[in-house]
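Encoded as structure tokens, the structure appears first; notes follow it.
A note on names: the letters A, B, ... follow the listed sequences, proteins ahead of strands, and every chain is numbered from 1.
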Protein chains: 2
Amino acid sequence: MSCHEILQEKGHRLTLQRMLVIEALHNAVRHISAEEIYEELHRRHPYANISTVYRTLELLKELELVTETDFGEGRVRYHVAEKGHHHHLVCHSCGRVADLEETALHPLKEGLLDEYGFVADLRHLAISGRCNECRSGHETEPKLRY
Amino acid sequence: MSCHEILQEKGHRLTLQRMLVIEALHNAVRHISAEEIYEELHRRHPYANISTVYRTLELLKELELVTETDFGEGRVRYHVAEKGHHHHLVCHSCGRVADLEETALHPLKEGLLDEYGFVADLRHLAISGRCNECRSGHETEPKLRY
DNA sequence: GTTGCATTCGCAAGTGGTTGCAATAATTCT
DNA sequence: AGAATTATTGCAACCACTTGCGAATGCAAC
Ligand SMILES: [Mn+2]
Ligand SMILES: [Mn+2]
Ligand SMILES: [Zn+2]
Ligand SMILES: [Zn+2]
């Protein structure tokens with residue numbers, strides 16, 4: 001079911017602002033920031049305010065329609081949930097961002113459940129560290145791809 | 001070796017401001033915020049500015065003398081590394097904060113190293129989710145203990 | 001269509017944290 | 001000790017994000 005439908009079904013209004021935020025999220029190639037979403041929104045609706053972007057993102061997060069990920073940039077990035085749940089390995093040395101299957105964290109999730117009865121909420125995580133390329137001395141140019 | 005000694009050894013100056021920040025960190029019972037550190041600093045050095053607190057914390061993080069943890073409060077908390085490295089389970093339902101042995105994340109760390117050659121930097125993590133008490137319906141009063 | 005009510009929005013102010021810059025303080029050199 | 005050099009600080013402005021509030025909007029009842 002689409003974001004639009006879920007929003008309406010739960011009794012939220014499908015305003016132009018919200019539709020444009022959702023569209024920006026869907027059009028994003030990878031992970032998009034609030035500021036980038038706002039740029040899209042502002043182009044087509046100049047009176048819109050960035051606080052509406054943040055409020056819409058908050059709502060979409062609550063409904064689990066988007067995930068929020070902190071890549072350590074000083075700003076956070078968003079991704080529509082229906083495009084898939086994966087995690088990331090962020091190298092603090094070269095800046096490279098690698099994808100990590102969601103299943104890579106299943107053992108941890110199960111361990112916390114078995115030993116602590118704790119249901120961990122691990123979605124769209126960014127784990128920082130040092131990547132294989134940097135460790136083996138092949139210092140390549142940092143290519144940030146969020 | 002103490003924070004003071006390591007700081008000086010690496011050629012950093014041991015100013016009154018820095019000593020008071022370090023003292024506040026050491027006196028803290030659990031995890032202390034920048035604002036709380038600043039209150040201590042300001043009491044004994046009224047001209048000091050909070051940006052000095054942030055800059056000192058930044059320096060101590062780089063030297064791996066303190067760890068930073070985001071408990072999801074909207075502000076971040078600090079802990080001197082020599083008091084021990086543990087992680088936390090934060091319940092988003094009741095607010096309870098439980099300690100998690102560092103070893104609980106060792107399997108993940110090893111898995112990432114073996115399969116991706118990635119050396120993950122997992123220190124003083126806060127994992128959010130739903131705790132055992134909340135899951136079993138015994139809704140107790142939320143006791144935040146950072 | 002008009003009225004009434006709840007939701008959403010724009011705006012401005014606030015929060016936690018960072019940064020550029022000029023003044024100050026510590027360290028090194030003479 | 002005094003001068004030159006460098007690190008550190010205080011201050012103000014800024015950044016990402018949040019929030020209170022009054023105005024606008026959407027929606028349902030008449
Ligand atoms: Mn992703
Ligand atoms: Mn801790
Ligand atoms: Zn790397
Ligand atoms: Zn709980």
Side-chain angles (χ1 to χ4, degrees), chain A residues 3-4 6-22 24-25 31-63 65-78 126 146, chain B residues 3-4 6-22 24-25 31-63 65-78 126 146:
Chain A
C3 294
H4 296 230
I6 291 169
L7 226 66
Q8 280 199 309
E9 191 182 81
K10 305 244 169 157
H12 300 284
R13 294 181 187 166
L14 232 147
T15 60
L16 174 61
Q17 288 92 325
R18 285 179 176 169
M19 288 194 296
L20 292 173
V21 168
I22 291 168
L25 280 161
H31 308 82
I32 190 170
S33 71
E35 190 67 44
E36 288 164 357
I37 293 170
Y38 175 67
E39 279 167 28
E40 283 295 297
L41 170 58
H42 186 255
R43 261 194 27 237
R44 301 214 255 149
H45 188 318
Y47 287 104
N49 190 272
I50 196 159
S51 63
T52 299
V53 173
Y54 284 111
R55 282 193 273 235
T56 302
L57 288 168
E58 192 59 40
L59 176 62
L60 296 174
K61 272 191 284 172
E62 276 166 28
L63 299 174
L65 295 173
V66 312
T67 50
E68 186 185 273
T69 305
D70 181 2
F71 290 94
E73 283 180 285
R75 101 207 57 218
V76 117
R77 289 184 175 270
Y78 300 88
Y146 292 122
Chain B
C3 294
H4 296 229
I6 293 169
L7 226 65
Q8 279 199 309
E9 190 184 81
K10 304 245 169 157
H12 301 283
R13 293 177 188 170
L14 211 88
T15 61
L16 173 61
Q17 289 92 325
R18 284 178 176 170
M19 288 194 295
L20 292 172
V21 168
I22 290 168
L25 281 161
H31 308 83
I32 191 171
S33 71
E35 190 66 44
E36 289 164 358
I37 293 170
Y38 175 65
E39 280 167 28
E40 283 296 297
L41 171 57
H42 185 256
R43 262 195 25 241
R44 300 212 256 147
H45 189 317
Y47 287 105
N49 191 272
I50 196 158
S51 63
T52 300
V53 172
Y54 285 112
R55 281 193 274 235
T56 302
L57 288 169
E58 192 58 40
L59 176 61
L60 296 174
K61 273 190 287 173
E62 276 166 28
L63 299 175
L65 294 173
V66 311
T67 51
E68 185 185 274
T69 305
D70 180 2
F71 290 94
E73 283 180 283
R75 102 206 55 213
V76 118
R77 290 184 174 270
Y78 300 88
Y146 292 122

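Within the 4.5 Å cutoff, side-chain heavy atoms of A:Leu60 are placed close to those of A:Leu25. The shortest side-chain heavy-atom distance between B:His42 and B:Glu39 does not fall under the 4.5 Å cut-off. Using a 4.5 Å heavy-atom cutoff, the side chains of B:His45 and B:Tyr47 are in contact. Looking only at side-chain heavy atoms (C-beta outward), B:Thr15 and B:Thr56 stay at 4.5 Å or farther from each other.
Of the candidate nucleotides D:dC17, C:dT8, C:dG17, C:dG17 has the atom nearest to the side chain of B:Arg75.
Within 4.0 Å of B:Gly11, counting heavy atoms only, lies no atom of the nucleic acid at all.
Regarding A:Ile50, its CD1 atom lies at a distance of 15 Å from the C1' atom of D:dT19, rounded to whole Å. In this structure, CG of A:Leu59 is placed 17 Å from C1' of D:dC17, rounded to the nearest angstrom. Distance CD (A:Glu62) to C1' (D:dT18): 14 Å, rounded to an integer number of Å. Rounded to an integer number of Å, the gap from A:Leu14 CG to D:dC27 P is 9 Å. Separating the CD atom of A:Glu35 from the C1' atom of D:dC14 is a distance of 13 Å, rounded to the nearest angstrom. Atom C1' of nucleotide D:dC17 and atom CD of B:Glu73 are separated by 16 Å, given to the nearest angstrom. Note: CD (A:Glu58) to P (C:dT8) measures 14 Å, nearest angstrom. One can place CG of B:Asp70 at 13 Å from P of D:dC17, the figure rounded to the nearest angstrom.
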Taking only N/O atoms, report every protein-nucleotides 20-23 of chain C pair under 3.5 Å with atom names and distance.
{"from": "C:dG20", "atom 1": "O6", "to": "B:Arg55", "atom 2": "NH1", "distance (Å)": "3.2"}

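The residues A:Arg75 and A:Glu35 are annotated as not salt-bridged, no charged nitrogen and carboxylate oxygen being separated by less than 4.0 angstrom. Between A:Glu58 and A:Arg55, none of the side-chain N atoms (NZ, or NE/NH1/NH2) sits under 4.0 Å from a carboxylate O, so this pair counts as no salt bridge.
Between B:Tyr54 and C:dT18, a side-chain N or O to OP1/OP2 separation shorter than 4.0 Å is absent. For A:Thr52 and C:dG10, the shortest distance from a side-chain N or O to OP1 or OP2 is below 4.0 Å.
A:Arg13 contributes no side-chain N or O that forms a donor-acceptor pair with the base of C:dT8 under 3.5 Å.
In this structure, B:Ser33 and B:Gln8 both approach DNA chain C, and ranking their closest nucleotides by distance from the 5' end singles out B:Ser33.
Residues B:Ser33 and B:Arg77 come closest through the heavy atom pair N-NH1, 3.7 Å. Closest approach of A:Tyr38 to A:Ala48, counting heavy atoms only: OH-O, 3.4 Å.
By the side-chain contact (heavy atoms from CB on, under 4.5 Å) test, B:Leu14 pairs with B:His4, B:Leu7, B:Gln8, B:Met19, sequence neighbours left out.
Using a 4.0 Å cut-off on heavy atoms, the residues of residues 15-22 of chain B that approach DNA chain D are B:Thr15, B:Gln17, B:Arg18, listed by number.
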